[in-house]
Student: 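One structure is given below, represented as structure tokens, and several questions about it will come after.
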2 protein chains.
Amino acid sequence: MHHCETCKNNVCTKRVPIFSLLNHDELNKIINLINRKVYKRNEIIILEGQYLKNLVIINNGKVKAFKNTIDGKQQILYIFSSGDFFGEKSLFMNEKASYSIEALEETSICMIGKKDFQNLLSQYPNIGLKIMEELSKRIERLENAIENMGTKSVDARIYDVLLEFAKSYGTQEKEGILIDLPLSREGIANYIGLTRETVSRKLSNLQEENIIKMIGNKKILIKDKHKLF
Amino acid sequence: MHHCETCKNNVCTKRVPIFSLLNHDELNKIINLINRKVYKRNEIIILEGQYLKNLVIINNGKVKAFKNTIDGKQQILYIFSSGDFFGEKSLFMNEKASYSIEALEETSICMIGKKDFQNLLSQYPNIGLKIMEELSKRIERLENAIENMGTKSVDARIYDVLLEFAKSYGTQEKEGILIDLPLSREGIANYIGLTRETVSRKLSNLQEENIIKMIGNKKILIKDKHKLF
DNA sequence: CGTCCACTTGACGCGGCTCAACAGCGGTGG
DNA sequence: CCACCGCTGTTGAGCCGCGTCAAGTGGACG
């Protein structure tokens with residue numbers, strides 16, 4: 001159906017906060033600038049060190065942004081999902097990507113060429129404000145992550161990541177908050193700077209204390225949220 | 001002398017990267033919007049949780065931006081010096097400061113009211129670009145800090161902070177790079193998430209290995225930079 | 001149903017934190 | 001100017017906890 005093709009495209013622009021101040025006609029103009037692409041789980045979308053030519057907006061799915069260290073470790077910096085964008089650095093500075101992006105599940109993205117987006121920016125300055133707003137939020141998350149890693153106990157870091165996931169990926173059930181985990185145990189470890197084994201042990205402890213319940217490896221039920229503070 | 005009063009004011013705007021695209025007349029208009037203030041060492045400029053009404057630009061001196069944790073620890077997030085700005089978050093969002101700012105030495109600042117700055121922004125959109133650029137740089141520093149704290153050994157973190165300080169506050173001498181430390185040992189510890197004792201020990205080790213030389217508590221000479229990689 | 005990879009659990013060692021004692025330095029007041 | 005005091009830095013001893021290595025288990029997917 002023809003009009004469905006349009007719907008599909010609209011999705012990209014409609015749900016994106018940075019375009020939220022534009023009206024319908026303006027959005028339609030933008031649609032023509034967009035290229036879409038779909039990635040499967042574990043596929044690399046951007047590799048650290050590459051030059052970026054697009055601003056990328058996630059339409060559907062989840063990705064992780066991470067750095068690999070020389071000695072084979074991995075630090076996950078962000079988990080991006082629907083509506084989030086990345087590659088914005090190349091818009092102001094002509095720099096290489098400072099981290100890699102990998103799909104955590106089937107993910108469809110929208111790409112806008114650097115030039116096109118710069119034109120949009122000068123045409124609609126409010127988009128710039130929205131981006132600054134989003135960058136500010138990202139900065140605040142990073143600042144909190146540093147505070148956690150620098151000053152908090154390992155237990156507290158586990159609590160924090162559980163609460164963070166509960167907020168972003170949790171649903172309220174009668175027995176508690178059910179989290180659809182975006183990351184594996186190893187992923188969680190790489191997100192908060194621990195090892196897989198330590199995460200595993202800490203979660204087992206929490207389960208023994210009846211604070212959480214692990215459901216397979218993909219879900220966790222938080223039975224008593226208040227014990228995680 | 002009258003024209004020196006003007007010079008003094010100019011300093012504020014001239015050396016600030018975010019105004020670097022403006023011409024002389026435009027800068028003069030801005031000068032009228034600015035309030036200046038001087039803080040002594042250890043004075044608090046902003047307290048976490050306060051509402052900000054200004055964008056603050058450092059004219060002269062150094063400050064630290066930090067968070068205090070419930071159990072009395074401190075995480076230093078940034079060291080700002082001449083030309084750096086803070087308080088930008090209040091410009092896009094009406095939020096409280098997420099960290100405190102304290103003068104590390106005698107520091108003079110320039111303040112521009114929120115409304116005034118928003119007007120500037122819409123008048124000179126390039127200022128917005130400059131701010132995004134600076135925010136991007138800040139994000140990159142935070143991302144690297146997280147990678148360091150999450151994946152690197154304590155030794156490597158000490159090396160990194162020495163190299164960072166060498167770059168920002170060091171001068172090349174014949175015997176090596178002489179660093180004018182912005183932070184005390186305790187400050188360094190709070191910057192990279194260690195304890196005072198550990199920093200002290202690690203620096204003593206480096207001195208024994210003849211890689212650095214401590215000169216009082218305020219200066220460090222890096223004799224062999226290449227051993228710090 | 002079988003294979004493989006991720007997760008779990010245990011044992012162990014090392015390294016950074018804690019506690020404690022002391023030294024050095026700067027600031028203050030007599 | 002000196003004496004005192006408090007804060008920061010140094011150094012030592014000991015402990016605890018996380019990382020490492022290793023073995024065994026379980027779930028996901030073909």
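Throughout, protein chains are lettered first and strands after them, A, B, ... in sequence-line order, and every chain is numbered starting at 1. Only this structure's heavy atoms are used, side chains among them; waters, hydrogens and symmetry mates stay out.
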Student: Between A:Ser184 and C:dA6, is there a side-chain N or O to OP1/OP2 distance below 4.0 Å?
Tutor: no
Student: On DNA chain D, nearest-nucleotide positions of A:Thr198 versus A:Arg41: which is more 5'?
Tutor: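 Residue closer to the 5' terminus by nearest nucleotide: A:Thr198.
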Student: Please round to the nearest 0.5 Å and tell me the distance separating atom CG of A:Leu228 and atom CD1 of A:Ile177.
Tutor: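 Answer for the CG-CD1 pair, A:Leu228 versus A:Ile177, is 9.0 Å.
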Student: With respect to the side chain of B:Ser200, which nucleotide from D:dT10, C:dC7, C:dG16 is positioned closest?
Tutor: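 Side chain of B:Ser200 sits closest to D:dT10.
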Student: I'd like to know if A:Arg138 and A:Glu134 make a salt bridge, using a cut-off of under 4.0 Å between side-chain N and carboxylate O.
Tutor: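 Result for this pair is yes, salt bridge flagged.
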Student: From the options D:dT20, C:dT8, D:dT8, select the nucleotide whose nearest atom is closest to the side chain of B:Glu186.
Tutor: D:dT8
Student: Atom CD1 of A:Ile215 and atom P of D:dG26: how far apart are they, to the nearest Å?
Tutor: 18 Å
Student: What's B:Lys202 touching, base or sugar-phosphate or nothing? Going by heavy atoms closer than 4.0 Å.
Tutor: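 Sugar-phosphate contact only - B:Lys202 comes under 4.0 Å of backbone atoms but never of a base.
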Student: Check the orientation of B:Phe19 and B:Phe117. Use parallel for under 30°, tilted for 30 to 60°, and perpendicular for over 60°.
Tutor: tilted
Student: What about A:Arg201: does its side chain form a donor-acceptor pair under 3.5 Å with the base of D:dT20?
Tutor: yes
Student: From CD of A:Gln207 over to C1' of C:dT8, roughly how many Å is that when rounded to an integer?
Tutor: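 After rounding, the reported distance stands at 12 Å.
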Student: What is the distance from NZ of A:Lys219 to P of C:dC7, rounded to the nearest Å?
Tutor: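 Interatomic distance, NZ of A:Lys219 to P of C:dC7: 17 Å.
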Student: Taking CD1 from B:Ile158 and C1' from C:dG15, how many angstroms apart are they, rounded to a whole number?
Tutor: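 Result: 13 Å.
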Student: Is the base of D:dG9 touched by the side chain of B:Arg185 through a donor-acceptor pair closer than 3.5 angstrom?
Tutor: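 Checked by distance alone, the answer is no.
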Student: Return the value, rounded to whole Å, for the distance between atom CG of A:Asp155 and atom C1' of D:dC18.
Tutor: 11 Å
Student: Below 3.5 Å, does any donor atom in the side chain of A:Glu197 face an acceptor in the base of D:dC21, or the other way round?
Tutor: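 Under the 3.5 Å cut-off, the side chain and the base do form a donor-acceptor pair.
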Student: Calculate the interatomic distance between A:Lys73 atom NZ and D:dG19 atom P; express it in whole Å.
Tutor: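 Computing the A:Lys73:NZ to D:dG19:P distance gives 8 Å.
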Student: Determine whether a donor-acceptor pair (N or O, by modelled atom type, separation under 3.5 Å) exists between the side chain of B:Ser200 and the backbone of B:Arg196.
Tutor: no
Student: Heavy atoms only, 4.0 Å cut-off, all strands: where does B:Val199 land among base, sugar-phosphate and nothing?
Tutor: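 The residue B:Val199 makes no contact with any strand.
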Student: Could you check B:Asn217 against A:Met214 and say which one's nearest nucleotide on DNA chain C is further toward the 5' end?
Tutor: A:Met214
Student: Rounded to the nearest Å, what distance is computed from the CG atom of residue A:Leu104 to the P atom of nucleotide C:dA6?
Tutor: 14 Å
Student: Measure CG/B:Leu181 against C1'/D:dG9 and give the value in whole Å, please.
Tutor: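 In whole Å, D:dG9 C1' lies 13 Å from B:Leu181 CG.
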Student: Donor-acceptor pair, A:Ser90 side chain versus A:Glu95 backbone, under 3.5 Å?
Tutor: no
